[in-house]
Amino acid sequence: MDETPRTEAEASSESEITYDESRFPARPRRLRPRPTARLRGLDATRAAAAEGAADASNPAYVRWLVEQSMLHDAGALSRQVSGQSSMWANPYAEPDARRAVDSASVWFTAYPISLVNPPGQSFLASLGSPDLWKIFSEVGIDAVHTGPVKRAGGLDGWRTTPSVDGHFDRVSTEIDPAFGTEDEFRRMCEVAADHGGSVIDDIVPGHTGKGADFRLAEMKHGDYAGIYHMVEIPEEDWHLLPDVPAGQDAANLSAEAEIALEEAGYIIGRLQRVIFYAPGVKDTNWSATPPVLGVDGRMRRWVYLHYFKAGQPSINWLDPSFAGMRLVIGDALHSLSDLGTSALRLDANGFLGVEKSAAEGSPAWSEGHPLSEAANHFIAGMVRKVGGFTFQELNLTMEDIRDTGRVGADLSYDFITRPGYQHALATGDTEFLRLTLRTALELGIDPASLVHALQNHDELTYELVHWATTHKDDEYTFRRRTVTGGQLAEEVRQDLLDKLTGEAGPYNRVFTTNGIASTTASVVAAAQGHRDLDSLTPDDVERIKRAHLLLAMFNAWQPGVFALSGWDLVGSLPLPTEKVSDLIATGDTRWVERGAHDLMDVNPDATESTSGMPVARTLYGSLPLQVADPDSFLSGLARVIAVRREYGIATGRTVDVPDVAHPAMLVLVHEVEVPGAEPGPTPTLQVTVLNFGPEPIEGTVRSSAFEPRVPVRDLSAGAEIGWVDDLQSFGVWLAPYGGMALLLQPQPDSGGEKTLSED
């Protein structure tokens, strides 16, 4: 036994409880797993071996691929974590939305390639700036979602190829050097903790890029083919496959080839949707490889599934090797136990199960599949077991979101109300938004389990999957008539197109069948009738800012997480198409909304980000400039968040979405527990009242949840504005695009009269 005396510093470092250990006690103490690919770096062994052939005939190339692979890293990570007693410190079976919201309530969602950094500084170093976190803390932002920052794209022989989908085609557990280093990531987590915040990372359970793992799968090396939904096609049936054009590594199957391969018994054929459908580019969800030499010396051709782009082969969660599951869990453990994050987004997690339909002629079952629920339960349980939480981006029906959330991720991205509030702003009528909110409540979706967001890196999604698929034949009342769900989705979609694109908003671009590429500011501008963004006046900008804050109020003044992006904070406008012509050439118009922005005025002369994204025009200015202006967007946002925090709105419970006195009005009623206040015999109600129109509103707010003769207090002004009458109502006046957060708190009798307690 080693009895060498320890220094006082060494003894202290072992006994002191760190932030991570106190907040996430299941994290193995002082654990720093070191996967081999990260130690050497992607290029470290290439120089010595790159002279040889980049195929299975070269053992050095195969070894190099294995060392770079995520599956290899996952094995190293899991072996170091296994057997730790701390892995049993936390309950993990059931999601806990309010615990997650309470730990991280207001999120800044970053997009690495769009942040302008100081000269010579990385994205991660910039996001770990104490000056930035000081402003975040003052505004009320307590978490940062970094976006995907690990290596992505693919391999073409020894050569790396770029990402095809904004780094959501991951190929390594290593941080991409374009964004910084692992030490800078850890430092960012430490700075966040110093300011009472935390960092959220990503994993992608649905697919990888075409990196080392996929190339080894094509070679049929070890378990690697088991990672993916891929099927070997015998040479005698290669005539069923398309030719792969020179310079490409796959060819998408035509609908006819898909049918032929299904009839031959090789694949399950057509799926329920072709996401990112583009004629001649992506006609089906299946692609074929060219002939590839295997490690056994045989040539093979494969057909593989990809829900998204051809460079994103889908992971098979039910292969007997469970190689895909091992890869994903290893990636998650790296982020949580090594980098120091507190939560993970599960991207593309609704597409983890697929099987042949039992009904003749029907598409394969690929959405709302029980295996997706089971796999999400597995991932989320593992994350909770090591002290973190998860949230999912699942654009499916409300039932799918509800059911997956019951056993899987703690939180779900709010695809439910986002199209609704955009529609309310575009039309000045909240009817569809109210229908959406009520339907969600009726189906058992707790708003506290949702991440209510302004803009993110994706388009304004208007697929309206709930109405357009499972409920397409159900009947609803809309605009005083009966319509089917399919008709409702089509009508709302057309409203958005008419009001926000084309002549109304030529700067907003349609994105395939999914939605509209836009920023929040450009949605507001189009809704307010501005066709030319270059002609905006200061008064126009003020009206855009006011409506932008209205959307912030909607998202912040209800239970759940409130999320916003750098594009929101500075008021970014879309990029002119000519500045991103090469990026949108294949139809991905979302690049117009992802303009670079300089949050902290660190590089005012920059014309593009380090990653090459052109700098977008902004309406509000940098954060330091806005902090100094009490009338700025940021200052208004801070006031909205302060009300949310002080009165416990984030963890409240929605109890009513009542009818309204004016079509542009929206009323939300929540039960809340005001921090520090003594609970009374009846619930305290917080009421959010919003005006989605350009004209002032004077009207009545009525709800069966209200108790008569209770004072109504304006939380922003700190003043009483009236009392609930015996008809369970009270009057309000709202400015154009205005909003009010009100409190209805029953008070004990005092001398025969009810009075407000002191604030």
Side-chain angles (χ1 to χ4, degrees), residues 94-107 109 140-143 145 200 343 389-394 398 401-402 404-406 409-418 420-421 424 430 433-454 550-564 637 640-658 666-677 679 682-690 701 703 705-706 715-716 739-745:
E94 297 180 347
D96 191 344
R98 284 178 172 76
R99 180 191 71 87
V101 172
D102 195 49
S103 66
S105 171
V106 180
W107 301 357
T109 56
I141 295 170
D142 57 7
H145 176 213
I200 300 168
F389 68 85
T390 56
F391 81 101
Q392 62 184 0
E393 290 202 25
L394 193 63
M398 295 189 200
I401 294 172
R402 177 200 64 200
T404 306
R406 282 176 175 171
D410 299 272
L411 302 168
S412 298
Y413 192 83
D414 186 2
F415 284 111
I416 297 169
T417 69
R418 192 167 181 239
Y421 77 72
T430 65
L433 177 57
R434 283 180 276 122
L435 173 61
T436 299
L437 289 161
R438 289 168 178 167
T439 302
L441 285 178
E442 290 166 2
L443 291 175
I445 295 178
D446 183 354
S449 69
L450 301 178
V451 178
H452 312 289
L454 293 172
L550 168 77
L551 300 184
M553 292 176 199
F554 169 77
N555 286 289
W557 287 349
Q558 63 174 306
V561 167
F562 170 42
L564 69 165
L637 186 67
V640 169
I641 295 172
V643 167
R644 165 187 170 88
R645 190 178 305 278
E646 185 173 355
Y647 294 96
I649 297 174
T651 52
R653 298 181 184 276
T654 303
V655 295
D656 195 14
V657 184
L666 178 74
V667 178
L668 303 174
V669 183
H670 314 119
E671 289 184 1
V672 296
E673 296 181 6
V674 179
T682 56
T684 296
L685 299 181
Q686 185 275 319
V687 183
T688 297
V689 187
L690 305 174
V701 177
S703 171
F706 295 165
L715 299 181
S716 295
M740 304 177 75
L742 307 172
L743 196 71
L744 277 60
Q745 188 170 28

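Below, all heavy atoms of this structure are taken into account, side chains as well, without hydrogens, waters or symmetry copies.
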Of the non-hydrogen atoms in [X] and [Y], which two are nearest, and what is the gap between them?
| X | Y | value |
| --- | --- | --- |
| A705 | V669 | CB-CG1, 4.3 Å |
| I200 | A143 | CD1-CB, 4.2 Å |
| A448 | V101 | O-CG2, 3.4 Å |
| V451 | A563 | CG1-CB, 4.0 Å |
| V640 | W557 | O-NE1, 3.0 Å |
| A409 | P95 | O-CB, 3.7 Å |

With the side chain counted from C-beta on, respond yes when [X] and [Y] share a heavy-atom pair under 4.5 Å apart, and no when they do not.
| X | Y | answer |
| --- | --- | --- |
| V687 | L744 | yes |
| L685 | V672 | no |
| F415 | L394 | no |
| L433 | L666 | yes |
| T688 | F554 | no |
| L690 | M553 | yes |
| L450 | L411 | no |
| Y421 | L550 | no |

Please confirm whether the backbone N or O of [Y] pairs with a side-chain atom of [X], one donor and one acceptor, at under 3.5 Å?
| X | Y | result |
| --- | --- | --- |
| R98 | G652 | yes |
| R644 | A556 | yes |
| H452 | P559 | yes |
| R645 | S105 | no |

(request) Mind telling me whether F391 and H145 have parallel, tilted or perpendicular rings, with 30° and 60° as the class edges? (result)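 It falls in the perpendicular class, over 60°.
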Could you state the interatomic distance from [atom1] ([X]) to [atom2] ([Y]), rounded to the nearest 0.5 Å?
| X | Y | atom1 | atom2 | answer |
| --- | --- | --- | --- | --- |
| Q686 | E673 | CD | CD | 14.0 Å |
| F562 | D142 | CZ | CG | 11.5 Å |
| T439 | R434 | OG1 | CZ | 12.0 Å |
| T436 | R418 | OG1 | CZ | 14.0 Å |
| R406 | S449 | CZ | OG | 10.5 Å |
| L437 | Q558 | CG | CD | 7.0 Å |

(request) From the options L637, N555, I641, select the one residue that forms a side chain to side chain contact (heavy atoms under 4.5 Å, CB included) with V106. (result)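 Between V106 and the candidates, side chain to side chain contact (heavy atoms under 4.5 Å, CB included) is satisfied uniquely by I641.
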(message) I416 vs M398, test: side chain to side chain contact (heavy atoms under 4.5 Å, CB included). Steps then yes/no.
(response) CA-CA 7 Å; I416 297 169; M398 295 189 200; 3.9 Å; yes
(message) Please determine whether side chain to side chain contact (heavy atoms under 4.5 Å, CB included) holds for the pair T684 and E671, giving the CA-CA distance in whole Å, both sets of side-chain angles, and the decisive distance to 0.1 Å.
(response) CA-CA 6 Å; T684 296; E671 289 184 1; over 6 Å; no
(message) For D446, is there an ion pair with R402 - N to carboxylate O distance below 4.0 angstrom?
(response)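 Between D446 and R402 there is no salt bridge, as every charged N stays at least 4.0 Å from the carboxylate O atoms.
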(request) Would you check, one step at a time, whether the test side-chain hydrogen bond (donor to acceptor under 3.5 Å, both in side chains) holds for S703 with D656? (result) CA-CA 7 Å; S703 171; D656 195 14; 2.5 Å; yes
